[in-house]
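All values below come from the heavy atoms of this structure, side chains included, with hydrogens, waters and symmetry mates left out. Nothing fancy with the numbering, it's 1 onward along the sequence.
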Amino acid sequence: MSGNQLVETNELWLRITDLGYKDISKEEFAQEVERIYIEETGKPLKGEISVVRSSEIDQIVKDENSSYDGTAIHIYSKEQDVNEMYVVSQGTTNADDWLYNIRAMQAGVDTAQADSTNTFVKEAQKEFKERASVEEISSTIGLSHSLAHNNNTVSQLLNGNFDEVYSVNGAQSTYFQLYKKDFEFRDEVNKKFNISSADSKAIYSLPQDELKTFAEAYYKEKGTVIHQVISSDDPLNALANIRGFFTLGDVTMIDTNPDKPGLKAIIDKIPDSEVKSLQDFALVYAEGFQNGGNNQGIEDLTGVNMDVVDKIMNDGVGAAVGTYFSKDLDDMISDVNKKVPPLLEKVTNITSNADVIFGELKNAGYITNAQKQVAVEELANIEKSLKIIEEKINSIDENRKMSEEMMKGTKYSPYAGQAAMASGFNVMAGDVDAAIAIYHEVQNMQASAKRLHEELGSVMEEIIASHGIIEMLNALGASKNQGYLGNDLVLMTGGNQEIKVNISAAVRMYQEGQQELQKKKTYITKIAERFQEHIIDDYENQKQKVLSDIRNIETNPCGQLPLLRKHVFLPYFSPVQIDKVEVTEQFNGLSGMDISHLMEGLTKSLTDNEDFLESTKSNIEQLFSKDRDLSILFNYVPGG
């Protein structure tokens, strides 16, 4: 590992990479980075952390073709000579990312997210340099998982953004992407394989093994800064040998699920010709997307013109009749009839091999025989529904042709015209019936998909778990008697009676408990102060006021004559004088105001809670004292 702090151990940078998926504030993110660092290394992080999100970069936000999401971290300390930047790029998280996966990695024609990565790195560097008042950032490290590996790596190969790239279970680079974007690589490929620069698709027909070997050699030097940790059970690892993909850098393979053999052996049995045919469809969609967005991609792939469909669905019956006989609908039906059959052929190919495919999954222990039967049965049902839909589309086409022929006869006879019009509306009614049938078949396919999910959902979760970061973390931590629950660190004592302790949760409990106890101490102190101020002190103050008044009366008896006149009748010119006044005072003490028992109870509760927290902390520290000093974890407050 390099001297950069956040990549001191695999577990450390993996947890920071996983943190990139969390929806938390930048302040919380920085504190979590500090917490994770001290948990993994046992020492505080050197330097102050600043965070920038890709959502703050206007150029990225405005790019409709890119759904890139990333977080940049800058750790800086002039005194300790620390000036490090890390870019955590997110993997696939939403539908836009999945569509990008098709365009970028299956078709190999899109690098929008890799371009956004380049933009983000440069903009984040500019922001951090301004904040820290430095001319350069000493090192820039890319951290990535899944799709993000493709983003960071392609960006690195094209622009040299990173000093190092660390990735887990990554979607590998594809030489198709690089051929499109890296002009020097394209020229070398064209020379090597003697293909015309004017034929951008010729690369897809080249011998893939030779092209892969050439790409690996061409980018080998640039790939030396790439470091990968890959689960042998990761479904993306199963795709590593499929056309287009090639692996760069040093790779550490980890068996994260020893109970399962992984999918690679099954995927490797798929012929390259089948992969190429799927790639052809991906290319059609991707090129359509680039020319006119998602709707254009769907139209190029299936023939369905979404604008025409929306017009029929939204404009009402009257307008729909006009659309019904329009050239746009003619073109759409013709296009659907041309493009749907090849798609259906691929679906049929999958269903015809379903018994073999799911048989392999059964033999590998992923599914039971009963689950295999459900999968084969429901895929057959989906194929059947697709065939019915194709038939109904054909019937609509035939009906429209018949209606048009009938309408031609209207110019010869008005009666024939009336009959033709009536027949035409009958044809439209028949098409409505066909549309209803199509709707029901779509519902049937949804029901099949639901049953497949119910039966195989847990299997998919297990397979997907092997693509995740947490399973990798647990596999890496097993030899160190540590594991992970979400982003929490769990320590294990080992031995016959193994004890597991969620250290992250224990530290949170201790630190949050101490904060609550401090609040409680403050409240108890305030209760005592308020009681003293408003009861004891106020009583004494009022008592002193009364005594002061008494002394004033006794020392100035003549001055009390007006008061005497209020209570005793005396003529105005009466010679009566007050020579002396003696006041006998008696003050009853406060009763029922003893709160010592209340204060003792509150103080005891506080002490008991303090003792509980300290004893829990001490017991946990003693439990793992042979392996590590945990006191720093309990006593260190991130951001403090």
Does a side chain donor of either [X] or [Y] reach within less than 3.5 Å of an acceptor in the other side chain?
X	Y	result
Ser231	Asn169	no
Glu8	Thr41	no
Tyr484	Gln482	yes
Asn152	Ser89	yes
His227	Glu164	yes
Glu84	Ser139	no
Asp115	Thr111	yes
Ser618	Gln622	yes

Less than 4.0 Å between a side-chain N and a carboxylate O, is that true for [Y] and [X]?
X	Y	value
Glu554	Arg551	no
Glu79	Lys46	no
Arg451	Glu454	no
Asp549	Lys545	no

Sort and list the pairs that fulfil salt bridge (Lys or Arg N to Asp or Glu O under 4.0 Å) and have at least one residue in [range], not counting sequence neighbours.
range	value
residues 517-530	Glu516-Lys519, Lys521-Glu610
residues 14-27	Arg15-Glu39, Arg15-Glu40, Asp18-Lys22, Lys26-Glu56
residues 472-498	Glu11-Lys480, Asp488-Arg508

Enumerate the residue pairs fulfilling ring pair (Phe, Tyr, Trp, His ring centres under 6.0 Å) with a member in residues 454-477, sequence neighbours excluded, ordered by first and then second residue.
His145-His467
For Glu127, enumerate each residue passing the salt bridge (charged side-chain N to carboxylate O under 4.0 Å, His left out) test, keeping only those at least two apart in sequence or located in another chain.
Arg131
Would you please name every residue forming a ring pair (Phe, Tyr, Trp, His ring centres under 6.0 Å) with Phe29, sequence neighbours left out?
none
